[in-house]
Amino acid sequence: MNIFRFAGDMTHLISILVLLLKIYATKSCSGISLKTQELYALVFLTRYLDIFTDFISVYNTVMKLVFIASSLAIVWCMRMHGAVRRTYNKELDTFRHYFLIAACFVLSLILNEKFTFQEIFWAFSIYLEAVAILPQLVLLQRSGNVDNLTGQYVLFLGAYRAFYILNWIYRYITEPHFSRWIACVSGIVQTALYADFFYYYFISWKNNAKLQLPA
């Protein structure tokens, strides 16, 4: 494992911890898209189908379990926890995420590295992760104001993918047979979706002002 992959995993983990902190400390999920969280839960469940069949390392297995468990816990809290679910901005979270699921599944049947059950669902999870943040970004744009924890959650989530791009570049240079082109292209698309958010986050940080996104 190289430093870019490790940094990506850690920023991804931090983003989840920030979100869990927001939910459990404030008993609120205001500003958080349930649809994005459901998409991420589906991403991890379909990507890590090999968790009980292919052992790579203790670190790898632990991270898989953490991502699956945390994503399901967040969805459960937003749907079932009495105090938390009352703060959910359902009227703003109207993105039709089922279309994303359907489109990514069809794409995974057409573009995959090998036409097997596990590889198709791996490709599906990569495509879906690339666009899973869209409902969250739309919700934030509609609400306008973004609280600190929600802003930090999205920031770390975007940073995680940026580090993974550096990881892929490093592996392409150092590994003769590295060819995860699906992950590379999808990662670039995913990072590009954060560009607007990164810009306004930087402006708010520079001016020491509250983060606001244009409607």
Side-chain angles (χ1 to χ4, degrees), residues 1-24 36-77 100-101 104-105 107-109 111-133 136 152-194:
M1 181 189 302
N2 62 70
I3 187 63
F4 302 116
R5 164 73 184 275
F6 182 73
D9 286 346
M10 290 303 103
T11 50
H12 193 184
L13 186 59
I14 291 171
S15 74
I16 292 173
L17 292 176
V18 168
L19 181 53
L20 288 171
L21 173 65
K22 172 185 169 67
I23 292 174
Y24 283 99
T36 281
Q37 299 310 314
E38 289 175 339
L39 291 178
Y40 277 127
L42 185 57
V43 164
F44 298 133
L45 287 170
T46 53
R47 180 173 304 169
Y48 301 140
L49 293 172
D50 63 346
I51 191 170
F52 298 114
T53 57
D54 299 334
F55 179 79
I56 298 174
S57 67
V58 173
Y59 171 85
N60 183 271
T61 300
V62 169
M63 293 301 282
K64 289 178 179 180
L65 289 172
V66 167
F67 290 140
I68 291 172
S70 60
S71 63
L72 292 176
I74 291 167
V75 171
W76 181 86
C77 277
L100 295 179
I101 296 172
C104 290
F105 184 70
L107 187 60
S108 70
L109 293 174
L111 296 175
N112 52 72
E113 296 189 355
K114 188 184 296 184
F115 198 78
T116 63
F117 179 83
Q118 192 163 303
E119 285 296 322
I120 287 172
F121 276 99
W122 178 84
F124 167 74
S125 75
I126 296 296
Y127 295 138
L128 188 61
E129 186 180 16
V131 295
I133 196 62
Q136 179 65 64
Q152 289 170 11
Y153 161 67
V154 177
L155 177 71
F156 280 116
L157 205 54
Y160 137 68
R161 251 326 177 206
F163 276 121
Y164 257 66
I165 291 177
L166 295 176
N167 162 61
W168 294 322
I169 293 172
Y170 176 84
R171 292 184 63 186
Y172 180 78
I173 295 172
T174 59
E175 298 179 20
H177 304 293
F178 178 72
S179 61
R180 286 290 194 180
W181 63 271
I182 290 177
C184 294
V185 174
S186 299
I188 292 171
V189 171
Q190 183 179 355
T191 306
L193 292 176
Y194 287 89

Review point. Rounded to the nearest 0.5 Å, what separation is found between the CD1 atom of Ile16 and the OG atom of Ser71?
Key: 7.0 Å
Study note, to complete from the structure: Closest heavy-atom pair, Ile165 versus Gly187, reported as atoms and distance to 0.1 Å, is CD1-O, 3.8 Å
Exercise for review: To the nearest 0.5 Å, tell me how far Tyr194 OH sits from Arg161 CZ.
Suggested key: 9.0 Å
Practice item. Kindly indicate, with the supporting measurements, whether the criterion side chain to side chain contact (heavy atoms under 4.5 Å, CB included) is fulfilled by Leu21 and Gln152. Key: CA-CA 11 Å; Leu21 173 65; Gln152 289 170 11; over 6 Å; no
Exercise for review: Applying side chain to side chain contact (heavy atoms under 4.5 Å, CB included), run through Ile68 and Leu45 and close with a yes or a no.
Suggested key: CA-CA 6 Å; Ile68 291 172; Leu45 287 170; 3.9 Å; yes
Check your understanding: Should we count OH of Tyr172 as having more than 12 external heavy atoms under 6.0 Å?
Key -> no
Review point. Any donor and acceptor pair, going by atom type alone, linking the side chain of Tyr127 with main-chain N or O of Leu111 inside 3.5 Å?
Key: yes
Check your understanding: Would the Phe67 and His12 ring centres measure less than 6.0 Å apart?
Key -> yes
Exercise for review: Output, in order, the C-alpha distance, side-chain angles, deciding distance and verdict of side chain to side chain contact (heavy atoms under 4.5 Å, CB included) for Phe4 and Ile169.
Suggested key: CA-CA 10 Å; Phe4 302 116; Ile169 293 172; over 6 Å; no
**Study point:** Pair Thr36-Tyr40, side chain to side chain contact (heavy atoms under 4.5 Å, CB included): steps then yes or no
**Key:** CA-CA 6 Å; Thr36 281; Tyr40 277 127; 3.4 Å; yes
Review point. Can you tell me how far CE of Met1 sits from CZ of Arg171, rounded to the nearest 0.5 angstrom?
Key: 10.0 Å
Practice item. Could you give me the CA-CA distance, side-chain angles and deciding distance for Phe156 and Tyr160, then say whether ring pair (Phe, Tyr, Trp, His ring centres under 6.0 Å) is met? Key: CA-CA 6 Å; Phe156 280 116; Tyr160 137 68; over 10 Å; no
Review point. What do you reckon, is CZ of Phe55 surrounded by more than 12 foreign heavy atoms closer than 6.0 Å?
Key: yes
Review point. Any side-chain heavy atom of Trp122 within less than 4.5 Å of one from Gln118?
Key: no
Review point. Aromatic rings Phe124 and Phe121: how do their planes relate, parallel, tilted or perpendicular, breaks at 30° and 60°?
Key: perpendicular
**Study point:** OG1-CG distance between Thr11 and Leu155, expressed to the nearest 0.5 angstrom
**Key:** 9.5 Å
Review point. Relative to the ring of Phe44, is the ring of Tyr48 parallel (under 30°), tilted (30 to 60°) or perpendicular (over 60°)?
Key: parallel
Point to revise | Shortest non-hydrogen contact from Glu129 toward Val43 | key: N-CG2, 3.7 Å
Practice item. State the CG-CG distance between Leu72 and Leu42, to the nearest 0.5 angstrom. Key: 10.5 Å
Exercise for review: Could you tell me whether a side-chain N or O of Arg47 sits under 3.5 Å from a main-chain N or O of Ser125, the two making a donor and an acceptor?
Suggested key: yes
Check your understanding: What's the shortest heavy-atom distance between Leu193 and Val131, and which atoms?
Key -> CD1-CA, 4.2 Å
Check your understanding: Between Thr53 (side chain) and Asp50 (backbone), is there a donor-acceptor pair under 3.5 Å?
Key -> yes
Review point. At their closest point, which heavy atom of Ala123 faces which heavy atom of Asn112, and how far apart are they?
Key: CB-CB, 4.3 Å
Study note, to complete from the structure: Taken to the nearest 0.5 Å, the spacing of Thr191 OG1 from Leu157 CG works out to 10.0 Å
Exercise for review: Taking all heavy atoms of Lys64 and all of Ile51, pick out the closest pair and write down the distance.
Suggested key: CB-CD1, 3.8 Å
**Study point:** Exercise: identify the closest heavy-atom pair between Glu113 and Trp181
**Key:** OE2-N, 3.9 Å
